[in-house]
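These notes concern the structure reproduced below.
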Amino acid sequence: MSRSAFGDWDGSIEGARRLQTQLAAQVRLVDEAPAAPRTIAGLDVGFEDQGATTRAAAVLLDGTTLQLLDSVVERVPTAMPYVPGLLSFRELPALLAALQRLAQVPELVLVDGQGIAHPRRLGIAAHFGLATGLPTIGVAKKVLCGRFEPPGPQPGAHTPLVHNGEQIAWMLRSKARCNPLVVSPGHRVSMDGARERVMALLRGYRLPEPTRLADRLASRRGAMPERVPAPTGRF
DNA sequence: GCGACAG
DNA sequence: ATCTTGTCGC
């Protein structure tokens, strides 16, 4: 546990929740990332060895063409179990290690998971933003907390996700016939800015390019000529 | 007390 | 997250 990411955490569950509440007060929901980032990173985590090993993937894309500039996969022994609401304490160390191995420091980061759409407003994307100081956006496939009305069927439709009377994210229909994404600002990005940025990064798939590519690396799927796919069925 | 619960 | 083939629908 690096002091920079978890401060003086005592290691307890209650302590982790207390720290989240403290850190959440430092999150800035103001647009501070360049209007046209030169580089954008996508981050995601996967597991192997039945969870014993945490695999973090980081991809660096050209902010204008979205072409892949670099990608890294970092493996670290898993140190904590998954506890709803405390995801960053389990995955942040691996994500930070992956980011540091990237060829360049990105001007904007998309993380697979919640930004401020969290019980104490500190999802992994927000925590990552505070730990690195970089502008971040959380792109999750499921809701952690809050309620919402389903957005319309057309791509781009969106409705607010509300928790304790405040909007914590946008439920965004990124693609027709697909469940909406949970888009929330992490750090140094506004609520509207988060949605607009994600919309601009969509390329025909449910997930925006940065997160989609990181997902494939972290989950062992395509984009890695490590093994020829075995034939299905006989002939 | 009961149900929900990112990855 | 992960274990896993085929299958229904657009």
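Throughout, protein chains are lettered first and strands after them, A, B, ... in sequence-line order, and every chain is numbered starting at 1.
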key: Positions of residues 115-131 of chain A (non-hydrogen atom under 4.0 Å from DNA chain B), listed by number   = A/H118, A/G123, A/I124

message = Return whichever of A/R55 or A/R177 has its heavy-atom-nearest nucleotide of DNA chain C closer to the 5' end.
response = A/R55

key: Nearest-0.5 Å distance that lies between atom CG in A/L95 and atom CG in A/L99   = 9.0 Å

query = Roughly how many Å is it from CG in A/L43 to C1' in B/dA6, rounded to a whole number?
reply = 15 Å

key: Atom pair distance, as rounded to whole Å: CZ in A/F89 and C1' in B/dC5   = 17 Å

message = For A/F6 and A/F89, take the angle between the two ring planes, folded into 0 to 90°, and tell me which bin it lands in: parallel under 30, tilted 30 to 60, perpendicular over 60.
response = parallel

inquiry  = Between A/E14 and A/R18, does the salt bridge (Lys or Arg N to Asp or Glu O under 4.0 Å) criterion hold? Intermediate values first, please.
reply    = CA-CA 6 Å; A/E14 316 72 61; A/R18 269 198 302 278; 5.9 Å; no

Rounded distance (Å) that lies between atom P of B/dA6 and atom CE of A/M171 = 12 Å

task = Have a look at A/L86 and say if it touches a base, only the backbone sugar-phosphate, or nothing, with a 4.0 Å heavy-atom cut-off.
result = base

key: Distance in angstrom units between A/L87 CG and B/dC5 C1', rounded   = 12 Å

query = So what does A/V83 touch, heavy atoms closer than 4.0 Å: a base, only the sugar-phosphate, or nothing?
reply = nothing

key: Residues A/R55 and A/E74 bridged, charged N to O under 4.0 Å   = no

inquiry  = Can you measure A/Q114 atom CD to B/dA4 atom C1' for me and round it to whole angstrom units?
reply    = 14 Å

inquiry  = Between the base of C/dA1 and the ring of A/Y82 - centre-to-centre under 5.5 Å, planes within under 30° - is that a stack?
reply    = no

query = Across the strands shown, which category fits A/G85 at heavy-atom distances under 4.0 angstrom: base, sugar-phosphate, nothing?
reply = base

query = Within the structure shown, what part of the strands sits under 4.0 Å from A/R147 by heavy-atom distance: base, sugar-phosphate, or nothing?
reply = nothing

Ion pair A/E107/A/R38, N-O distance below 4.0 Å = yes

message = With a 4.0 Å cut-off on N to O distance, would you call A/R188 and A/D31 a salt bridge?
response = no

task = Could you state the atom-to-atom distance from NE2 of A/H163 to P of B/dA6 in whole Å?
result = 14 Å

